[in-house]
Number of protein chains: 2
Amino acid sequence: MRQSREAKAETHQAIVAAAARRFRERGIEGTSVGDVMQAANRTHGGFYRHFDSKEDLLVAALGRAFEEMIAGLEHALAHVPAERALGGFVRGYTSVGRVADVGGGCPVAALSNDVQRSNEAVQAEFGRGVRALIASLAAHLEGPQAKREARAARTFAMAAGAVMIARASDQATADLVLAAVRDEVPRHASTPASAPAGPRELL
Amino acid sequence: MRQSREAKAETHQAIVAAAARRFRERGIEGTSVGDVMQAANRTHGGFYRHFDSKEDLLVAALGRAFEEMIAGLEHALAHVPAERALGGFVRGYTSVGRVADVGGGCPVAALSNDVQRSNEAVQAEFGRGVRALIASLAAHLEGPQAKREARAARTFAMAAGAVMIARASDQATADLVLAAVRDEVPRHASTPASAPAGPRELL
DNA sequence: TGAATAAGATGACCATCATCATCTTAATTT
DNA sequence: AAATTAAGATGATGATGGTCATCTTATTCA
């Protein structure tokens with residue numbers, strides 16, 4: 001039965017939201033169109049009224065995941081002084097809860113390898129998200145523009161790398177890597193080592 | 001026709017080698033048993049004389065990939081002074097050639113997300129490889145044992161994270177992230193910023 | 001040497017999946 | 001309100017892929 005414009009828009013959002021979660025949880029190849037539609041409480045047939053292909057959905061889902069990620073980051077860092085921003089980011093990003101929440105977490109940590117094997121349209125969207133994320137983080141730091149961006153990029157790469165490695169490893173190895181990254185953030189971020197610890201879980 | 005023990009051993013090695021490459025290039029789900037056997041110049045039917053399942057093959061392939069990776073690392077760092085080891089590692093790891101060579105490169109950078117979704121046996125093997133890799137890197141650094149290991153882990157996470165992000169992104173974003181990581185290694189690694197640059201591509 | 005064994009080839013099985021065609025029915029349009 | 005349109009459901013379809021059964025033939029063991 002035909003649905004109203006609003007109903008369609010709702011369905012569309014539901015599909016994207018379900019996809020954003022499923023793709024992160026199970027990967028691109030591990031997520032079927034049918035899975036996504038079921039998670040969105042719809043049947044598989046209606047899918048192609050919304051997207052031309054699974055890959056189209058992936059682009060939309062990536063956009064959504066990055067938006068959520070950046071919104072969360074902005075919220076968490078909104079009132080944090082610049083000297084503590086990077087340390088807070090890393091501690092939050094590598095926290096136990098966040099590492100466990102693959103489906104609701106950072107798309108970079110969940111899907112980099114999958115996107116690596118995807119086509120240019122997907123990689124372009126991913127790159128856009130990465131740049132936005134780095135810019136957002138850099139905006140909360142101090143110092144000259146170029147330096148801030150480089151520091152944000154470097155720190156983000158470290159945190160995302162650590163989470164990816166931790167999630168793929170046994171518990172002992174995961175702990176080793178996460179601890180190494182968490183403990184050394186202040187020094188790594190060129191922040192005075194004597195700076196107060198600050199909140200442990202900003203994100 | 002039945003093959004001799006040696007012939008079987010050769011086949012076994014060929015399968016593992018082909019799998020180690022294919023898995024890195026196309027991911028776990030993107031690589032079929034048939035693909036691997038074809039790359040090893042065999043037909044798919046013989047596969048189960050060598051492995052109980054695709055997942056068994058994956059464990060063997062991961063072991064192989066880590067071995068290669070660590071051997072290369074040892075070779076590259078053999079005669080490098082401790083102060084330059086980390087910087088050399090990062091520059092080599094993030095070099096254009098290495099970033100391009102997914103199939104012959106680091107299993108962490110190629111398969112972390114895939115392994116994340118695999119079972120415990122696979123993750124145990126992956127964790128073993130990660131620890132061996134970090135230990136190998138740490139052995140080339142100076143300072144107290146615990147510090148060396150933490151620094152190695154942190155730096156490896158950063159390098160692997162950067163390569164994963166770069167491979168998943170458009171060229172401009174990739175360049176941005178890789179440059180940030182490459183340029184700041186000495187500082188990041190707690191090496192005197194004034195240290196001579198040293199060789200650019202150790203690995 | 002002869003019997004037992006097993007490596008690898010061929011082909012089949014069953015499941016999964018992306019995509020499409022068709023149908024129903026309600027929303028839009030005229 | 002009648003005619004048109006399209007959202008979503010149902011049910012193919014063709015392709016792919018992990019695994020297994022079977023067959024051949026060379027190897028290995030007695």
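On a predicted model such as this, the values are computed, not experimentally measured, just so you know. Labels below follow one simple rule: chain letters A, B, ... track the order of the sequence lines, proteins then strands, and each chain is numbered from 1.
- The backbone N or O of B:S32 sits nowhere less than 3.5 Å from a side-chain atom of B:R22 that would complete a donor-acceptor pair.
- Classification of A:E68 and A:R24 as a salt-bridged pair holds, one side-chain N sitting under 4.0 Å from a carboxylate O.
- Side-chain contact, B:E74 with B:S136: a donor N or O sits under 3.5 Å from an acceptor N or O.
- Nearest-nucleotide positions on DNA chain D place A:A7 closer to the 5' end than the other of B:S32 and A:A7.
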Show me, pair by pair, the donor-acceptor contacts under 3.5 angstrom made by side chains of residues 53-62 of chain B, not counting sequence neighbours?
| from | atom 1 | to | atom 2 | distance (Å) |
| --- | --- | --- | --- | --- |
| B:S53 | OG | B:E55 | N | 3.4 |
| B:S53 | OG | B:D56 | N | 3.2 |
| B:K54 | NZ | B:I28 | O | 2.9 |
| B:K54 | NZ | B:T31 | O | 2.8 |
| B:E55 | OE1 | B:N119 | ND2 | 2.4 |
| B:E55 | OE2 | B:N119 | ND2 | 2.8 |

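- Nucleotides of DNA chain D lying under 4.0 Å from heavy atoms of chain B occupy a range whose first and last members, 5' to 3', are D:dG17 to D:dC29.
- For the side-chain contact (heavy atoms from CB on, under 4.5 Å) criterion with A:Q116, the lone passing option out of B:V163, B:I165, B:V102, B:N113 is B:V102.
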Practice item. Summarise protein proximity over nucleotides 24-30 of chain C in one line of letters, 5' to 3': B for base, S for sugar-phosphate only, - for none, counting protein heavy atoms closer than 4.0 Å. Key: BBBBSS-
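- Aromatic ring pairs are classed by plane angle as parallel below 30°, tilted from 30° to 60° and perpendicular above 60°; the pair B:F156 and B:Y93 is perpendicular.
- DNA chain D is contacted by no residue of residues 18-25 of chain B, taking any non-hydrogen atom closer than 4.0 Å.
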Donor-acceptor contacts, no H, no angles, side chain residues 124-131 of chain B, under 3.5 Å, sequence neighbours left out:
| from | atom 1 | to | atom 2 | distance (Å) |
| --- | --- | --- | --- | --- |
| B:E125 | OE1 | B:R128 | NE | 3.4 |
| B:E125 | OE1 | B:R128 | NH2 | 2.9 |
| B:R131 | NE | A:T173 | OG1 | 2.6 |
| B:R131 | NH2 | A:D170 | OD1 | 3.4 |
| B:R131 | NH2 | A:T173 | OG1 | 3.2 |

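- For B:Q38, the CD atom counts as loosely surrounded, since its 6.0 Å shell holds 12 or fewer non-hydrogen atoms of other residues, nucleotides or ligands.
- A salt bridge links B:R117 and A:D114; the closest N-O separation between the charged side-chain nitrogens and carboxylate oxygens is under 4.0 Å.
- You'll find the ring centres of B:H12 and B:F51 inside the 6.0 Å limit.
- Near-neighbour residues of DNA chain C inside residues 34-63 of chain A, defined by a heavy atom below 4.0 Å, number-ordered: A:H44, A:Y48, A:S53, A:K54.
- Side chains of A:R42 and A:T11: a donor on one and an acceptor on the other come within 3.5 Å.
- Within the 4.5 Å cutoff, the side chain of A:S169 has no heavy atoms near those of the B:Q123 side chain.
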